[in-house]
Amino acid sequence: MNKFLRTLLPADIAKGLSVTGKHFRQVFFTANRRKVPFHIVSEYPEVPAKVQPRFRGRLTMLKDEQGVIKCVCCLACEKICPTQVITIEKGKQEGRKMPYPVRYDFEMERCIFCEFCVESCGFDAIILNHQFELAAYNREDFSLGTEGLGQNMFEPSHVGKFSVADD
Amino acid sequence: MPTPTLTQSIVITFIQCLMVVIFVFVVVPLTVFAERKVLGHLQQRLGSTRVASGHVGFSGWMNRRMWKMGKVPVVSYWRGIPGLVGDVLKLILKEDVIPAKADKFVFFLAPSISMVAAIVVFAAISFVPGTFFTFPTWFPYLGGLPVSGGISDINVGLLWILGVATVGVYGIVLAGWSSNSKYPLLGGLRSAAQMVSYEVPLTLSLLAPVVLSASLNFSEMATRMAVGMPVWALIPQVIGFLLYLTCGFAETNRLPFDMPEAENELVAGFHTEYSGMKFGLFYLAEYINMTVVSALASAFFLGGPWLLPFGLQGLLNPYLPGFLSWFAAPHAIFFVAKIVFLLFTYIWVRGTIPRYRYDQIMAVGWKYLIPLALVNLLLAAAIRCFVV
Amino acid sequence: MSEPNVPQTPEAAEVPAGPYVYDYKAAPYRQITMPKTVPLPSYHAYVAEQKAAAEADEAKWQKTLADYETAKAKAEAEGKDAPKPPVRPVPRKDDNDMKPPVPQEATDADLLKLKELLGDKVEEIFEQAGELVCQVKKEAIHEALAFCRDEAALKYEMLADQSATHYPAAKDYACSVVYHLTSISRRKRLRLRILVPEGFAPESACSLYPSANWMEREIYDMLGIRFQNHPDMTRILCPEDWEGYPLRKDYPTVGWGQRDIAFREDRGGMLERIALQKAGQLGINLKQPKAD
Amino acid sequence: MFKNEEMEINLGPQHPSTHGVLRVKLRLDGETVTHCRPMIGYLHRGVEKICENQSFFQGQVWTDRMDYCSAVANNLGWAEANEKLLGITVPRRAQYIRTLLNEFNRIASHLIWLGTHAMDIGALTVFLYAFREREDVLDINEAFCGSRLTTTAFRIGGLREDLPPGFEKMVRKFLAKFSDCLEEYEALLTENRIWKKRTIGVARLSAEDAIALGVTGPMLRAAGVAYDIRKAFPYAAYAEMDFEIPTRTEADTYARYQVRMAEMRQSARIIQQCMDGMPEGPVMAKLPKILRSEVNEVYHATESPKGEIGYYLVGEKGSLNPYRFHVRAPGFINLQSLPKMAEGGLIADVVAAIGSLDIVLGEIDR
């Protein structure tokens with residue numbers, strides 16, 4: 001009899017409905033307010049996403065205070081890279097004892113953002129910055145380097161400029 | 001009141017049809033939008049906020065300005081609305097792919113059947129008891145003629161609705177068969193069995209209010225229940241109402257009973273091979289059916305166009321002056337409000353509970369719902385005999 | 001960046017417009033360094049190796065001593081100062097947490113029991129890194145598995161893993177097949193190992209452990225070892241018409257199925273240079289027009 | 001006039017509920033499945049071959065991409081197998097942090113399973129609720145190792161860095177709300193009559209069959225076998241943790257659901273203990289600059305959320321890379337049991353069975 005009653009009265013379904021109904025009520029009355037967000041989505045392109053300090057984004061080269069590339073072409077990053085996206089050409093620069101990267105190519109479309117290169121670098125010459133909007137229209141836009149047209153390893157402006165928030 | 005000539009009545013009927021079609025094509029997209037929003041809110045999301053909008057045109061400009069000021073746009077609630085336009089445009093403009101080995105004629109026919117069966121049902125539903133409005137006397141040709149609240153207030157309205165609604169299953173079965181593909185075939189087979197078996201408890205549960213009100217006519221039933229009886233059928237008929245809602249879910253192929261299109265098993269069920277506006281017609285038909293089922297529920301169990309039971313309506317009914325009744329028509333508003341609430345329930349249930357299995361659906365239908373509906377009918381008869 | 005195999009960067013006019021076509025026939029399309037040793041852990045081999053190393057060390061020491069003696073005698077004869085007596089070098093001890101495990105003699109009861117049950121069908125038993133290893137004759141693997149599963153003292157209920165390794169440098173076998181058995185009730189693991197020559201089809205374990213079904217299919221797919229009496233000896237991960245066995249050591253890592261390199265636009269020819277250089281490093285031969 | 005014919009139907013490779021590119025060839029008699037044959041390999045990338053050609057250090061990034069829902073568990077197995085091969089002892093603090101992250105990963109993986117499984121059966125909302133909490137776990141991943149999904153969390157010999165500042169606060173915040181969230185999922189599912197009907201008695205796999213087919217993890221524990229590698233062969237810091245192995249004896253989909261829900265509670269318990277008893281000290285062992293192996297072969301298995309993930313490594317003398325790198329993927333072995341569970345059931349039960357297997361095709365095809 002008890003079982004029959006339980007079958008007849010949909011208490012279990014009512015329990016579920018109350019849970020979803022509670023969330024509906026909370027979100028419905030606060031959806032347009034910023035203070036009490038009962039919804040869990042962030043309105044991404046308008047409200048910029050935050051990343052943790054250790055976030056692994058795009059590979060970037062660093063310069064020292066004099067504006068000289070820190071990299072000394074030890075090729076550690078090239079060797080450690082699991083997907084072989086880094087190509088370095090050693091060279092000389094006048095007035096500099098250490099080797100100078102004539103070319104430092106980085107093919108971002110194959111990069112897997114593992115940070116092994118940064119870890120292997122003994123000179124703190126490269127970092128992974130916090131940029132994660134890495135979309136571009138052309139394939140060649142993903143080939144970054146220290147030289148060449150529009151190829152820049154130093155600033156985060158090259159790719160990811162197609163964010164909706166900017167237009 | 002002048003009696004209309006044949007031509008005049010044809011014109012009036014045409015106007016009524018147009019009104020119903022407009023109603024349907026307003027309600028359906030809004031239901032789709034509401035479904036996105038409500039489902040979103042149930043799931044702690046915002047629902048659609050940026051489909052094809054929010055970034056273009058005036059509203060886009062305004063939204064951007066507000067974001068830059070550090071405020072959530074006030075209009076954000078409606079930011080998803082233009083997405084509906086985009087959806088419709090997409091459906092219309094999309095390439096219409098017909099499988100090479102499909103039965104072309106039937107493939108074409110199936111969505112039309114679904115759509116027609118869904119929309120014709122409205123012929124017997126009256127939104128307002130009696131006259132909806134009267135054409136003013138200065139109106140050319142139709143001056144002084146009344147327009148009733150339903151297209152045809154026939155006295156076997158219920159039979160018409162049930163009969164026509166059943167035709168809709170042909171659309172699904174034929175779609176499944178004519179696609180000449182395996183998943184649609186399974187979907188079609190499932191829907192044939194499911195809809196036929198749920199037709200029975202659905203009808204039986206609707207018979208109970210008929211017994212209570214002793215009428216098959218739509219507006220008469222609603223009037224009697226609110227004024228004559230004078231109580232909503234919901235109150236003596238809680239079981240009947242739940243029964244009807246359950247069967248209604250099954251008839252409209254909504255979750256928990258969305259066997260024919262069970263997404264996670266049959267990809268998209270009977271309309272797997274459909275694209276473009278043919279798919280759009282199925283989509284429309286589903287939402288129209290939802291509206292119909294909600295309309296029936298509100299008419300039979302929730303007192304239809306009457307807001308309050310026990311004759312309290314009389315106190316509230318404002319008997320607005322004629323010119324206001326054009327817009328205010330509280331009966332229609334109450335009726336639509338009830339429909340909206342039931343549609344919300346549809347979405348709410350969809351967002352909450354899982355899907356039955358095919359054999360379990362059949363077991364529930366035949367083993368539980370039909371006996372329960374029969375018992376419920378007896379209950380209604382007893383009430384009719386001994387109480388009223 | 002001056003490896004010997006980097007091709008000369010061609011003049012811009014000579015480079016074809018692309019896409020570059022991988023040329024199978026023209027050149028060594030792969031650079032495979034075939035392994036020269038057989039890294040098959042084995043207690044006998046380890047003991048023999050240690051012994052040989054000790055002997056070699058001793059011989060070297062003796063030779064150094066002898067050299068010293070002769071040098072000393074020579075110096076004495078010439079009346080110069082005697083050279084310093086040699087000091088025997090002590091093996092350097094690294095101060096770190098890394099101590100590679102070595103094979104040890106089998107002391108576990110399970111291994112001894114297996115040895116007792118199978119007799120001379122067992123080729124070797126030993127322990128390494130806390131794991132029990134039992135190498136049996138390749139014809140006896142079914143018998144050994146049956147003992148492991150059914151014997152009350154062993155009771156290895158589950159075949160957790162089955163795998164194989166290719167040893168191209170070995171003389172009398174080509175692959176080893178290992179069976180990792182787990183005893184759930186006794187919380188023990190055991191590794192059975194057989195050495196399989198090219199073309200030999202060992203008995204399938206499917207009749208004893210149904211879980212071997214897919215694992216043996218995978219071994220067939222990846223290393224080309226067929227199993228007898230297997231219900232369904234087909235490829236599992238690769239397509240049915242795939243050529244070669246990918247996990248063999250002679251299978252190239254680049255080349256077959258490599259995507260053609262084609263860039264829509266190459267600013268300044270940089271990508272092309274990278275591509276050619278990469279191709280050189282990886283050993284891909286890119287078809288280039290003849291110089292004439 | 002009447003012909004009795006069985007219909008052959010392909011579930012996948014593109015199908016909403018095969019969780020990737022699994023293809024199952026079904027033969028149907030009406031709606032009843034008479035024959036079922038899973039076909040895999042659509043995502044085969046040759047991870048084993050790649051890892052054999054890269055150094056010990058580099059192999060980790062490929063383990064991330066095998067079972068991308070439980071990357072940390074893969075990393076842990078990989079790190080421990082390499083440490084066993086090279087004979088490295090890991091500092092205690094590193095062990096604790098590894099345990100902590102591994103349990104977070106178990107929660108994340110089970111939450112994905114819960115969401116997708118519920119969605120397969122038709123409950124849409126649980127999916128979003130589950131992802132709500134998974135988001136926090138991914139944030140914790142990001143705070144520790146900088147990436148959310150493909151974590152590359154550990155190093156051979158320990159960890160790259162110690163815990164970041166503010167980490168403990170994040171963890172405590174998560175633990176404080178997690179049990180309430182679990183109750184929310186359970187309110188939607190556990191008592192629900194439809195959920196019960198769809199899962200109780202569906203896709204049964206008895207303990208004998210499960211052991212014979214090599215099935216491990218929650219699938220095996222739902223059949224009543226209390227085999228958990230964390231207890232049976234303790235690794236990392238699990239020997240010092242106090243937790244239970246939830247088991248059920250019904251061996252059906254509902255039992256697997258209950259086991260996984262209980263496992264999430266146990267994971268929260270382990271995290272609590274890790275956080276409370278976190279020892280001080282270094283997080284990296286003292287190692288030579290270049291790791292070179294001796295001749296050795298090891299098989300090291302750990303308990304991933306899906307089951308036993310084992311790494312079989314062969315080391316060559318003086319070599320920088322493993323001579324053989326083989327992964328015993330739990331999904332690969334578990335998927336073998338699908339025909340056993342699905343045959344004789346209905347087509348909807350196949351979907352439930354695939355869901356309860358908790359497969360990720362990335363690790364099955366490797």
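Note on naming: letters A, B, ... go to the chains in the order of the sequence lines (proteins, then strands), and numbering restarts at 1 for each one. Just so you know, these numbers come straight off a predicted model, no measurement behind them.
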S.K.: What part of Glu83(D) lies closer than 4.5 angstrom to a heavy atom of chain C: side chain, backbone, both or neither?
M.R.: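 No part of it gets close to chain C.
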
S.K.: Flag the one option from Ser42(C), Ala164(C), Ser185(C) with the top tally of heavy-atom pairs under 4.5 Å to chain D.
M.R.: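 The residue among Ser42(C), Ala164(C), Ser185(C) with the greatest pair count is Ala164(C).
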
S.K.: Is the side chain of Glu294(D) donor-acceptor paired with the backbone N or O of Val102(C) at a distance under 3.5 Å, no angle test?
M.R.: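 No; zero donor-acceptor contacts below 3.5 Å.
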
S.K.: Out of Pro91(D), Ala210(D), Ala285(D), Gly46(D), return the one with the most heavy atom pairs under 4.5 angstrom to chain C.
M.R.: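 Ranked by heavy-atom pairs under 4.5 Å with chain C, first place is Ala285(D).
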
S.K.: If we only count heavy atoms from C-beta on, is the Met222(C) to His44(D) side-chain gap below 4.5 Å?
M.R.: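 Of all side-chain heavy-atom pairs linking His44(D) with Met222(C), at least one is under 4.5 Å.
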
S.K.: Pro100(C) versus Leu86(D): any side-chain heavy-atom pair under 4.5 Å?
M.R.: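 No, their side chains stay 4.5 Å or more apart.
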
S.K.: Whether the side chain of Arg324(D) engages the backbone of His166(C) through a donor-acceptor N/O pair (distance < 3.5 Å, no angle test) should be reported.
M.R.: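 No; zero donor-acceptor contacts below 3.5 Å.
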
S.K.: Would you mind telling me which of Asp365(D), Val298(D), Val314(D) has the largest number of heavy-atom pairs within less than 4.5 Å of chain C?
M.R.: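 So the answer, after comparing Asp365(D), Val298(D), Val314(D), is Val298(D).
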
S.K.: Quick one: are Leu220(D) and Met158(C) in side-chain contact, heavy atoms under 4.5 Å?
M.R.: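 A side-chain contact under 4.5 Å exists here.
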
S.K.: Under the ring-ring contact (aromatic ring centres under 6.0 Å, His included) rule, collect the residues that match up with Trp214(C), sequence neighbours excluded.
M.R.: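 Applying ring-ring contact (aromatic ring centres under 6.0 Å, His included) to Trp214(C) gives Phe332(D).
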
S.K.: With heavy-atom distances below 4.5 Å as the criterion, would you say the side chains of Tyr312(D) and Arg191(C) are in contact?
M.R.: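 In contact.
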
S.K.: Distance-only, no hydrogens or angles: does the Lys317(D) side chain make a donor-acceptor pair with backbone N or O of Pro39(C) under 3.5 Å?
M.R.: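 No, the answer is negative, given that no donor and acceptor are paired below the 3.5 Å cut-off.
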
S.K.: Measure from NZ or CZ of Arg187(C) to the centre of the six-membered ring of Phe233(D) and say whether it is under 6.0 Å with the direction within 45° of the ring axis.
M.R.: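 Checked: cation-pi criterion not met.
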
S.K.: Under 4.5 Å heavy-atom distance to chain D, tell me which part of Ala45(C) shows up: side chain, backbone, both or neither.
M.R.: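 Neither part, no heavy atoms under 4.5 Å.
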
S.K.: Side chain to side chain donor-acceptor pair (under 3.5 Å) for Thr37(C) and Glu316(D)? Distances and angles first, verdict last.
M.R.: CA-CA 8 Å; Thr37(C) 59; Glu316(D) 195 178 4; 2.8 Å; yes

S.K.: What part of Arg45(D) is in contact with chain C, defined as an atom under 4.5 angstrom from a non-hydrogen atom: side chain, backbone, both or neither?
M.R.: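 Contact with chain C: none, neither part.
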
S.K.: Does any non-hydrogen side-chain atom of Ile333(D) lie less than 4.5 Å from one of Met215(C)?
M.R.: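 The answer is yes; the side chains approach within 4.5 Å.
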
S.K.: So do the side chains of Ile40(D) and Leu237(C) get within less than 4.5 Å of each other, counting heavy atoms only?
M.R.: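 The answer is yes, as the side chains (C-beta and beyond) meet within the 4.5 Å cut-off.
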
S.K.: Looking at Arg235(C), Lys188(C), His180(C), which has the largest count of heavy-atom pairs under 4.5 Å with chain D?
M.R.: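 The option with the most such pairs is His180(C).
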
S.K.: Is there a side-chain contact between Glu218(C) and Arg366(D), using heavy atoms and a 4.5 Å cut-off?
M.R.: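 The answer is yes; the side chains approach within 4.5 Å.
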
S.K.: Is there a donor-acceptor pair under 3.5 Å between the side chain of Lys49(D) and the backbone N or O of Arg248(C)?
M.R.: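 Yes, because the side chain of Lys49(D) sits within donor-acceptor range (under 3.5 Å) of the backbone of Arg248(C).
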
S.K.: Answer with side chain, backbone, both or neither: which region of Tyr46(C) has an atom nearer than 4.5 Å to a non-hydrogen atom of chain D?
M.R.: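 Neither the backbone nor the side chain of Tyr46(C) comes within 4.5 Å of chain D.
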
S.K.: Heavy-atom distances under 4.5 Å only: say whether Gln128(C) touches chain D with side chain, backbone, both or neither.
M.R.: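 When you check distances to chain D, only side chain atoms of Gln128(C) fall under 4.5 Å.
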
S.K.: Of the backbone (N, CA, C, O) and the side chain (C-beta and beyond), which part of Thr216(D) lies under 4.5 Å from a heavy atom of chain C, both, or neither?
M.R.: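 When you check distances to chain C, only side chain atoms of Thr216(D) fall under 4.5 Å.
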
S.K.: Using non-hydrogen atoms only, which part of Val178(C) is less than 4.5 Å away from chain D: side chain, backbone, both, or neither?
M.R.: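 The side chain, not the backbone.
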
S.K.: Counting heavy-atom pairs under 4.5 Å with chain C, which one of Ile364(D), Leu335(D), Asp209(D), Leu43(D) comes out on top?
M.R.: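 The answer is Leu335(D).
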
S.K.: Counting heavy-atom pairs under 4.5 Å with chain D, which one of Val38(C), Leu208(C), Thr182(C) comes out on top?
M.R.: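 Maximum pair count with chain D is reached by Thr182(C).
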
S.K.: In Å, rounded to the nearest 0.5 Å, how long is the span from CD1 of Ile184(C) to CG of Asp228(D)?
M.R.: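 Separation between the atoms: 11.5 Å.
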
S.K.: Examine whether an atom of Arg186(C) lies under 4.5 Å from a heavy atom of chain D, and if so say whether it belongs to the side chain, the backbone or both; otherwise answer neither.
M.R.: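 Interface part for Arg186(C): neither.
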
S.K.: With a 4.5 angstrom heavy-atom cut-off, which part of Val215(D) approaches chain C: side chain, backbone, both or neither?
M.R.: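 For Val215(D), the contact with chain C is made by the backbone alone.
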
S.K.: Cation-pi check for Tyr323(D) against Lys249(C): NZ or CZ below 6.0 Å from the six-membered ring centre and within 45 degrees of the axis, yes or no?
M.R.: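 Here Lys249(C) passes the 6.0 Å and 45° test against Tyr323(D).
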
S.K.: At a 4.5 Å cut-off on heavy atoms, which part of Pro330(D) comes close to chain C: side chain, backbone, both, or neither?
M.R.: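 For Pro330(D), no heavy atom lies under 4.5 Å from chain C.
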
S.K.: Heavy-atom pairs under 4.5 Å with chain C are the metric here; pick the option from Gly41(D), Ser293(D), Ala212(D), Gly214(D) that has the most.
M.R.: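 Among Gly41(D), Ser293(D), Ala212(D), Gly214(D), the one with the most close pairs to chain C is Ala212(D).
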
S.K.: Under a 4.5 Å heavy-atom cut-off, does chain C meet the side chain of Glu308(D), its backbone, both or neither?
M.R.: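 Answer is side chain: those atoms of Glu308(D) sit under 4.5 Å from chain C.
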
S.K.: Distance check, rounded to the nearest 0.5 Å: Arg189(C) atom CZ versus Ile229(D) atom CD1?
M.R.: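 The CZ atom of Arg189(C) sits 5.5 Å away from the CD1 atom of Ile229(D).
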
S.K.: Hey, does Lys99(C) have a side-chain heavy atom less than 4.5 Å from the side chain of Ile88(D)?
M.R.: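 Ile88(D) vs Lys99(C): side chains apart.
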
S.K.: Considering only heavy atoms, which portion of Gln162(C) lies under 4.5 Å from any heavy atom of chain D: side chain, backbone, both, or neither?
M.R.: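 Backbone only.
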
S.K.: Quick check on Ile50(D) against chain C: is it the side chain, the backbone, both or neither that has a heavy atom closer than 4.5 Å?
M.R.: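 Neither part; nothing is under 4.5 Å.
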
